Amino acid sequence: MNEVVADRWILDRPNSYIGRSVPRPNAPRLAEGRGTFVDDIELKRMLHATYVRSPYAHARIKSIDPAAAKALPGVVAVVTPQEMAKIHDPWVGVLTHLEGIKSAPQYALPLEKATWQGEAVVAVVANTRATAEDAAALVEIDWEVLPPVTDAETATEGETPLIHNDLGDNQAWQRKADFGDVDAAYADADHVVEETFVFGRHTGVCLESRGLVADFEPSEEQLTVWHNNQCPHMVQNILADKFRLEEHKVRVITRDVGGSFGIKVHTYADEVATVGLSIMLKRPVKYIADRLESFVGDIHARDHRVKGKISVKNDGTITAFEIDDLTGIGPYSMYPRTSGIEANQVVNMIGGPYRFDNYRAVANVVYQNKAMMCQYRAVGHPIKCAVTEGLVDKAAKILGMDPAEFRQKNFHSDDSYPTKSAQGMPFENLSHEECMKKMLEAMDYNALKADRDAKRKDGIYRGIGFASFIEVTNPSAMFYGVGGARISAQDGATLRLDAKGNVFISTGATEQGQGMEAVISQVAATAVGVPPERLKIITGDTEHTPYGGGTWGSRAAGIGGEAVAQAGRQLRVQILEAAAAMLQEDASTLDIRNGVVVDTDTDNERISLDEIGRICYYRPDTLPDGFQAELVATKHYVPRKFPFAFTNGAQASYLEVDVETGFINLINHWCVEDCGTVINPLLVDEQIRGGVVQGLGGALWEECLYDDQGQMLNANMADYLVPMAAELPDIECGHAVSPTSDSDLGAKGAGEAGTCGAPAAVMNALNDALSPFDARMTSMPFTPKKVLQALNKI
Amino acid sequence: MDMYSDITLTVNGESVTRCVESRTNLVDFLRYELGLTGSHVGCEHGVCGACTIRMDGRIVRGCLTLAAQAEGAEVWTIEGVSETNEIRPLQKAFVERNALQCGFCTPGMLLTIAELMERKPDASREEIREFISGNFCRCTGYQAIVDAVEIAREKGANS
């Protein structure tokens with residue numbers, strides 16, 4: 001590989017805001033309750049939609065009688081699937097680069113049968129949401145209940161009923177991978193260690209549920225949608241396509257979004273239906289999922305069973321990994337990203353931190369009558385990490401090696417880059433050794449081990465667990481675009497100097513609370529040379545931002561930020577050309593610092609940006625003949641040298657198990673990660689902490705429990721346990737810094753690292769704590785009941 | 001029970017009289033009738049704490065309280081306590097410490113913490129965590145929120 005050298009000009013700017021914990025410009029407004037979330041939007045003549053949802057996991061719709069519902073005062077429409085299907089085209093969640101993946105056409109409302117409990121079947125529209133819900137209870141549906149497919153293990157067996165007859169079977173996709181010679185490695189190994197891991201189904205539980213206000217204006221065929229999706233341009237494209245509208249007449253606006261985490265990045269049938277209702281009724285229609293609907297309507301994630309193997313030599317060398325992954329994805333593959341990506345990520349990234357040459361994998365992705373499963377924060381990462389790190393720990397134990405030492409022996413060393421994984425994934429520059437070293441120091445590992453060992457003598461069972469990981473960030477077109485998904489891989493930024501010397505920034509990246517606006521403002525302030533308070537950020541509007549991909553896959557800072565850096569530099573050049581014309585100077589001798597044009601060498605102030613704005617806009621007649629000031633700059637950026645910017649890190653957990661009650665008390669948690677250039681240390685650390693806690697949720701508490709009839713048993717916030725403040729530890733963060741050479745800024749993503757490694761660290765700590773009992777746990781979530789079962793106490 | 005109820009209450013210091021559907025809960029009344037959209041709806045079954053408001057000096061769940069129950073009551077929402085500057089140091093600490101990300105839980109979280117700071121100004125980190133354990137935040141992992149309480153307390157003591 002040729003060495004690629006980035007120009008780090010932005011890190012050398014005077015008055016740089018890169019690397020500073022600048023507060024978020026949008027935070028004070030939110031802290032005063034002055035946000036504008038979708039449900040805060042009210043339009044004239046706006047109607048409210050709700051949906052009659054299937055009470056069965058698998059049932060044919062024999063007939064629908066809307067009469068009683070329609071008769072209720074205040075009800076404006078009751079819309080059946082057949083009526084809705086007249087105005088839209090269905091979608092199929094497949095991508096060509098996931099070779100062989102298949103799915104059935106999905107409609108806004110299902111035409112023949114409901115395929116999961118909670119699927120929206122009939123739409124009810126009324127003057128108020130309460131009236132719509134009253135009416136929904138009056139819609140009579142005659143169901144023919146069909147046997148549901150619930151167990152992924154038997155989903156593709158001959159006697160199992162088919163969910164979609166046209167597909168021929170319940171297999172959505174199969175991915176196989178084979179690198180090196182695994183059988184030869186096994187034959188040559190001193191130990192082949194096996195383990196089966198189970199990852200429960202869980203879901204995002206964004207505190208703000210999914211929602212939209214759709215407003216169709218028939219005379220211009222203009223559709224405007226206020227939506228809390230992460231990707232406004234993707235939604236624009238899909239709605240135009242499915243409703244046969246002109247794309248430039250579909251406007252998608254995302255204001256404040258109350259958390260997303262990948263939940264709000266998909267095409268939900270009930271949201272498409274709401275748009276359809278506005279088109280039919282020619283009035284604004286609002287739909288906000290309530291919490292009970294969210295549990296069965298939002299995508300679920302994980303739900304994997306992975307049989308894993310690792311082979312090692314007595315000297316502690318890892319020689320091979322092998323996995324057999326099975327995942328149930330609900331009745332359709334989600335559009336447009338598909339529900340195959342999580343399994344694909346698992347296959348691609350097993351063993352990521354370590355040197356080995358032999359790898360074999362099979363992943364089976366199957367349909368079932370449960371809520372749809374798709375990409376959620378750290379897609380596939382918690383699974384591949386826990387499988388890898390669980391196997392690594394078990395192997396270390398068999399070899400009698402310290403788990404930290406065993407990892408250090410097998411890491412891709414920090415001086416070995418660029419290199420590739422066994423699967424052929426290119427690693428540009430990672431820092432496993434440095435991260436582990438820093439973390440062991442932060443933990444005071446030897447003292448911690450002594451504490452653990454001393455307490456065991458008193459009957460207190462504590463455990464230390466590690467997880468090293470790699471993480472995909474800054475995705476290029478290789479992620480979705482090559483498979484045919486119309487999701488912009490590149491992002492753009494337009495910067496405009498106004499007549500007062502302030503700078504407007506339009507960006508395709510979007511904000512859901514992660515702090516994107518702060519990051520964008522820091523980059524722009526640095527690139528142009530103005531203080532952040534002179535910036536105004538415009539985001540989340542397809543009519544006013546450059547076409548872009550939005551925020552997902554840890555891309556907003558690394559991709560959106562780089563576009564802002566380049567546009568900022570370009571705008572600075574253009575401003576200096578205007579200044580040079582005014583000052584009769586050579587532009588190359590000038591710079592912009594703190595909002596003032598200065599002589600580069602002496603810092604001597606020459607002219608302020610507001611004066612430049614005034615002259616360019618109001619008195620261009622005073623400028624030299626032939627000089628036209630250009631005070632708008634647009635640049636785009638997409639990673640081209642690497643398909644993804646891999647990041648890496650290490651986490652550790654210290655916990656205590658109450659062997660009488662099965663309760664797990666988290667004592668401490670550490671994460672040292674490497675996201676390249678750290679633009680805002682405060683925001684990065686809080687992304688890590690929030691991500692760790694989401695990972696802890698899946699490891700310890702969160703699970704969508706289903707019975708064998710496909711009924712979700714805990715679809716409410718009282719019974720579905722999310723992490724709350726009292727049961728969480730403080731989380732200590734640290735960093736290594738290996739900037740990517742794919743951009744000048746060098747930033748990689750940071751939003752998913754926490755979620756990636758936390759479950760593995762907790763699992764390994766738990767098993768360390770249980771080691772005196774010869775008990776091992778590998779099925780998440782690790783509930784007190786499962787702990788007691790592992791200890792043979794119940 | 002009648003379908004409709006006439007209610008008069010004080011909201012953020014202003015007297016309000018309305019005729020509401022008796023089944024209307026207090027947070028929906030505040031949001032849709034009065035336009036006070038700072039109070040959020042997260043679960044509508046009393047678990048998440050996003051709709052936390054202050055009624056007659058104590059925090060209540062706006063989704064588990066009927067508007068009709070607020071007859072004669074004094075209600076404060078995030079808008080009101082922001083405009084009076086009552087919780088300004090806490091809000092500043094939240095911003096400084098990045099104790100909010102999406103901001104959806106924040107109004108309920110702030111009103112909850114304001115009550116804690118009044119009832120137990122010297123609460124330990126564990127006690128802060130315990131007190132806010134009825135307020136779900138999906139973004140932060142709570143540590144920054146606990147830190148922000150300590151920062152606000154410190155700055156309050158020094159001001």
Side-chain angles (χ1 to χ4, degrees), chain A residues 21 23-24 26-37 39-40 42 128-130 204-209 256-261 288 290-292 511-515 518 682-683 685-694 696 716-718 722-731 754, chain B residues 21 23-24 28 31-32 35-50 77-83 87 90-92 94-107 110 125-126 128-147:
Chain A
S21 292
R24 295 166 52 205
N26 46 340
R29 180 172 58 80
L30 295 169
E32 293 192 16
R34 291 178 178 274
T36 306
F37 297 92
D39 193 33
D40 302 339
E42 300 269 337
T128 70
R129 172 65 181 245
V205 201
C206 306
L207 190 51
E208 182 214 26
S209 55
D256 294 310
V257 176
S260 52
F261 318 110
I288 308 291
D290 70 25
R291 185 55 57 191
L292 305 182
E511 172 77 275
Q512 294 99 44
Q514 72 278 48
L682 175 69
L683 297 185
D685 282 357
E686 292 314 312
Q687 282 297 298
I688 297 300
R689 291 196 175 97
V692 163
V693 169
Q694 273 183 334
L696 295 175
N716 64 76
M717 283 204 66
V722 288
M724 300 301 271
E727 55 259 22
L728 294 165
D730 281 349
I731 295 155
Chain B
E21 266 196 271
R23 65 178 175 177
T24 306
D28 282 355
R31 286 179 53 80
Y32 308 122
L36 293 165
T37 53
S39 302
H40 297 143
V41 177
C43 75
E44 292 178 278
H45 48 273
V47 183
C48 78
T77 69
I78 187 67
E79 290 91 345
V81 296
S82 297
E83 283 161 22
I87 61 164
L90 188 59
Q91 287 167 318
K92 281 187 172 172
F94 261 58
V95 172
E96 177 191 323
R97 182 59 190 83
N98 203 46
L100 71 154
Q101 289 186 25
C102 79
F104 203 80
C105 76
T106 312
L110 288 167
R125 288 181 76 83
E126 290 68 32
I128 296 166
R129 282 184 177 275
E130 189 65 40
F131 200 83
I132 62 170
S133 67
N135 290 72
F136 174 47
C137 170
R138 190 50 139 174
C139 299
T140 64
Y142 306 101
Q143 183 173 338
I145 295 173
V146 179
D147 291 347

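This structure is a prediction, so every number in the text was calculated from the model and none was measured. In the text below, chain A, chain B and the rest are named by the order of the sequence lines, each starting its count at 1.
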Which residues satisfy the side-chain contact (heavy atoms from CB on, under 4.5 Å) test with B:Val41, sequence neighbours excluded?
-> B:Val27, B:Asp28, B:Arg31, B:Glu44
Note, B:Gln101 side chain near A:Gln687 side chain (heavy atom, < 4.5 Å) = yes
Between B:Gln143 and A:Glu686, a side-chain donor and acceptor under 3.5 Å | no
Which region of A:Asp685, side chain (C-beta onward) or backbone (N, CA, C, O), has a non-hydrogen atom less than 4.5 Å from a non-hydrogen atom of chain B, or is it both or neither?
-> neither
Euclidean distance, A:Asn26 CG relative to B:Cys102 SG, rounded to 0.5 Å | 11.0 Å
In this structure, OH of B:Tyr142 is separated from CD of A:Glu727 (nearest 0.5 Å) by 7.5 Å
Which portion of A:Ala518 sits near chain B, non-hydrogen atoms under 4.5 angstrom | neither
Part of A:Arg689 lying under 4.5 Å from any heavy atom of chain B = both
What part of A:Asp256 gets closer than 4.5 Å to chain B, counting heavy atoms only: side chain, backbone, both or neither?
-> neither
Segment of A:Asp39 engaging chain B (4.5 angstrom heavy-atom cut-off) = both
When rounded to the nearest 0.5 Å, the distance separating CE of A:Met724 from CZ of B:Arg129 is 12.0 Å
With only heavy atoms counted, which part of A:Val205 is less than 4.5 Å from chain B, the side chain, the backbone, both or neither?
-> both
The interface call for A:Leu292 against chain B, heavy-atom contacts under 4.5 Å, is side chain
Examine whether an atom of A:Glu42 lies under 4.5 Å from a heavy atom of chain B, and if so say whether it belongs to the side chain, the backbone or both; otherwise answer neither.
-> side chain
For A:Phe261, which residues count as a ring pair (Phe, Tyr, Trp, His ring centres under 6.0 Å) partner, sequence neighbours excluded?
-> none
Is any side-chain heavy atom of B:Cys139 less than 4.5 Å from a side-chain heavy atom of A:Gln514?
-> no
What's the spacing between B:Glu96 CD and A:Ser21 OG if we round to 0.5 Å?
-> 10.5 Å
